[in-house]
There are 2 protein chains.
Amino acid sequence: MAHVGQIMQTRDEKRPCTESGLRTMTELQQRLVPELIDVLTRRYTILRTISLLMPVGRRVLAKEMGTTERKLRSEVEFLREQGLIATSSVGMVLTSEGQQLVEELHGYMHEVHDLSTAELMLARCLDLEGVIAVPGDSDSSELVQKDMGRAAAHYLKSILAEGMVLAVSGGTTLAAVASTLVPANFNGQLTVVPARGGMGEDLSKQAGSIAAKIAAKLNANYRLLHLPDSLGEKAAAVVAEEPEIREVLEVARSASILLLGIGAAQAMARRRHLRPDQLALLEHVGAVGETFGYYFNRQGEIVYVTPSTGLKLEHIKRVGHVIAVAGGSSKAEAMLAVLSYDFPATTLVTDEGALLEMLKLIERRGGPLATRRDD
Amino acid sequence: MAHVGQIMQTRDEKRPCTESGLRTMTELQQRLVPELIDVLTRRYTILRTISLLMPVGRRVLAKEMGTTERKLRSEVEFLREQGLIATSSVGMVLTSEGQQLVEELHGYMHEVHDLSTAELMLARCLDLEGVIAVPGDSDSSELVQKDMGRAAAHYLKSILAEGMVLAVSGGTTLAAVASTLVPANFNGQLTVVPARGGMGEDLSKQAGSIAAKIAAKLNANYRLLHLPDSLGEKAAAVVAEEPEIREVLEVARSASILLLGIGAAQAMARRRHLRPDQLALLEHVGAVGETFGYYFNRQGEIVYVTPSTGLKLEHIKRVGHVIAVAGGSSKAEAMLAVLSYDFPATTLVTDEGALLEMLKLIERRGGPLATRRDD
DNA sequence: ATTATTTGTCCCACGTGTGCCAATAAAAAC
DNA sequence: GTTTTTATTGGCACACGTGGGACAAATAAT
């Protein structure tokens with residue numbers, strides 16, 4: 001999951017604002033040459049592991065690092081050419097130069113590594129398949145949300161395949177995903193559907209519009225639910241019997257990938273123009289997080305459901321992969337609530353602000369696996 | 001020549017000691033992922049060029065940057081995926097994000113560019129084929145000399161081919177080249193000869209030992225001149241008639257590559273135990289630089305020749321390629337003197353200290369092409 | 001002496017990068 | 001207003017380099 005994961009900066013100790021101020025060189029590099037930063041961390045990790053285990057052979061080193069021996073070989077050859085390690089028949093050892101380099105690099109590597117360790121930690125805590133975080137905080141800068149959107153779009157594209165059905169929810173975050181998505185050609189062998197009917201005021205942030213936009217960029221089919229999101233229960237039941245609607249719902253229920261945004265419960269309820277008594281109810285049951293009409297409390301339990309047309313939670317259970325996209329430290333609590341629910345294989349795309357805030361919340365509650373840093 | 005060229009650090013403005021102190025992140029990166037800087041500068045240059053010419057198409061951009069259109073396309077595709085540039089039918093433009101990134105990057109890029117521009121400048125001033133500089137100063141740290149040795153060894157290997165004859169001189173610097181050379185297999189299709197007979201006290205720094213060491217590492221043949229370097233003129237003439245010696249000299253004179261170290265005249269003369277009157281003579285004629293027995297004054301003129309067996313200057317003229325290796329700011333004057341002489345295609349491998357010092361000396365003398373920085 | 005390490009080599013296949021060419025749209029000329 | 005020209009982007013086939021797997025040689029430990 002470090003493929004897209006980006007780095008944060010801690011070099012200046014007290015960490016000046018990441019967004020509006022100047023980004024650090026490492027951040028810029030991460031943006032301009034991400035693949036080489038991966039190479040850098042890989043080689044550093046190799047050196048570091050050797051320094052701990054030396055003398056050590058390629059075999060055990062590969063096993064230790066979770067890579068193949070052949071892959072390691074190329075790197076080892078390079079490192080030897082650089083005079084950083086020496087090989088003998090008992091294994092590989094660091095040369096004095098290598099040792100010195102590892103020590104010097106140690107401090108700098110936190111710039112690169114901190115976010116990815118945090119990603120791993122959160123993935124373990126919430127039992128997520130993967131966490132991808134971009135540096136910055138969406139709360140303070142719009143650029144970060146865009147960046148997050150691009151990271152999500154990139155990841156989405158990497159797991160999409162022909163014949164799949166993609167269901168999307170709404171929100172500004174997912175709108176960013178759609179707009180940063182790089183066009184590709186799926187030859188119509190892909191269907192995009194909204195997970196819900198229309199919602200609220202802004203058309204461009206509705207699930208339907210987002211589905212259409214994504215479909216256009218990927219040259220995919222799309223089906224829309226031309227319905228208001230919040231119908232009365234009776235009305236919803238009636239409408240759901242309409243053949244056209246039924247068909248779209250059928251397709252949506254067979255979705256293999258679900259792309260969803262997460263919102264703070266209060267803000268979401270307000271945006272949906274819920275009645276005061278409903279707001280009070282949400283408050284009463286402790287709803288903090290919301291996603292496509294479902295409200296969750298801090299324990300990840302569903303405490304309220306907006307009567308609506310669209311995917312139901314029981315269908316989500318059958319979805320192969322869930323991609324949750326949300327960021328901003330202010331949303332951390334909501335995200336934590338929603339993600340505590342037991343979704344299928346979930347990948348979270350977020351930002352540094354939300355990531356660190358979530359970890360902070362987990363630690364404060366004495367959450368499971370709240371291990372401390374390992375250096 | 002930027003392939004091996006490495007970077008110096010100027011970020012902390014007043015530039016603390018590069019060697020003994022902590023190296024900068026960029027230096028370490030350069031060591032661990034050498035191509036990183038190249039890719040980074042390439043992409044940065046693309047962005048910068050677009051920002052100046054936009055909207056611009058790939059064709060003119062490729063011509064402007066001196067690369068092929070297809071090569072550019074890969075980069076352009078990447079930059080578009082990163083959301084830094086946008087393509088339309090009128091050409092490519094920077095997005096607002098791209099524009100911001102270019103501006104932020106601008107300051108940092110000097111870290112990367114300064115050494116390579118300095119390399120280019122020196123190459124122009126001295127009419128060298130190439131200059132490769134490693135960061136640091138050999139005067140202050142032994143590590144730098146090793147690094148320089150590795151850079152030279154790497155470059156040497158890149159131009160070696162089967163059937164060639166390699167002539168080497170002596171000195172600590174070339175000893176470092178030999179010891180950092182990464183073994184390769186030339187199947188005996190390569191011959192290494194010393195450019196001169198033995199010299200001075202330390203066996204490991206003699207041309208013969210170095211030739212033998214290099215030959216061993218490359219699985220090449222080697223021939224030695226089992227002679228003291230400084231014979232009397234008469235004795236030299238006599239010995240040169242010996243069949244065995246003649247044969248080796250024949251081989252040496254057909255050398256296609258010459259690897260030579262450069263020394264400061266005074267230190268060299270002292271190490272060779274010249275007589276006081278000889279020392280006085282050197283002083284009198286203004287000898288400052290020395291290489292394999294030839295002493296040069298500041299103008300690059302030969303002012304003294306050690307009577308000796310080995311290659312003569314007239315043979316050097318026929319050598320295809322000269323690789324000069326020397327570093328340390330204290331040697332700058334000597335290097336400048338020797339390199340001012342009109343050798344055949346010469347590549348200089350040096351370090352930051354010597355490089356900058358040489359440029360300073362050139363500027364002080366109002367040397368040709370002493371242009372100032374272009375920003 | 002044997003076993004379990006290690007490094008280094010070889011061949012094959014897959015993927016990425018490269019060079020060439022087609023399609024298209026804006027602009028300029030008529 | 002129509003046509004021609006000149007720019008642009010995008011697609012496609014091929015080759016080269018890198019990764020995968022198995023194997024051989026060599027050395028320390030049992």
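Since the model is a prediction, treat every value here as computed from it, not as a measurement. Proteins get letters first, then strands, A, B, ... in listed order; numbering begins at 1 in each.
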Go through DNA chain C in 5' to 3' direction and return only the first and the last nucleotide with some atom under 4.0 Å of chain A's heavy atoms. dT6(C) to dT9(C)
Is [X] reaching over with its side chain to a backbone N or O of [Y], donor-acceptor style, under 3.5 angstrom?
X	Y	value
Ser256(B)	Val165(B)	yes
Lys213(A)	Val177(A)	no
Arg48(A)	Val102(A)	no
Glu119(A)	Ala133(A)	yes
Glu97(A)	Leu143(B)	no
Thr95(A)	Leu84(A)	yes
Arg43(A)	Leu79(A)	no

First and last nucleotide of DNA chain D in contact with chain A, 5' to 3', at under 4.0 Å to a heavy atom: what are they? dG19(D) to dA28(D)
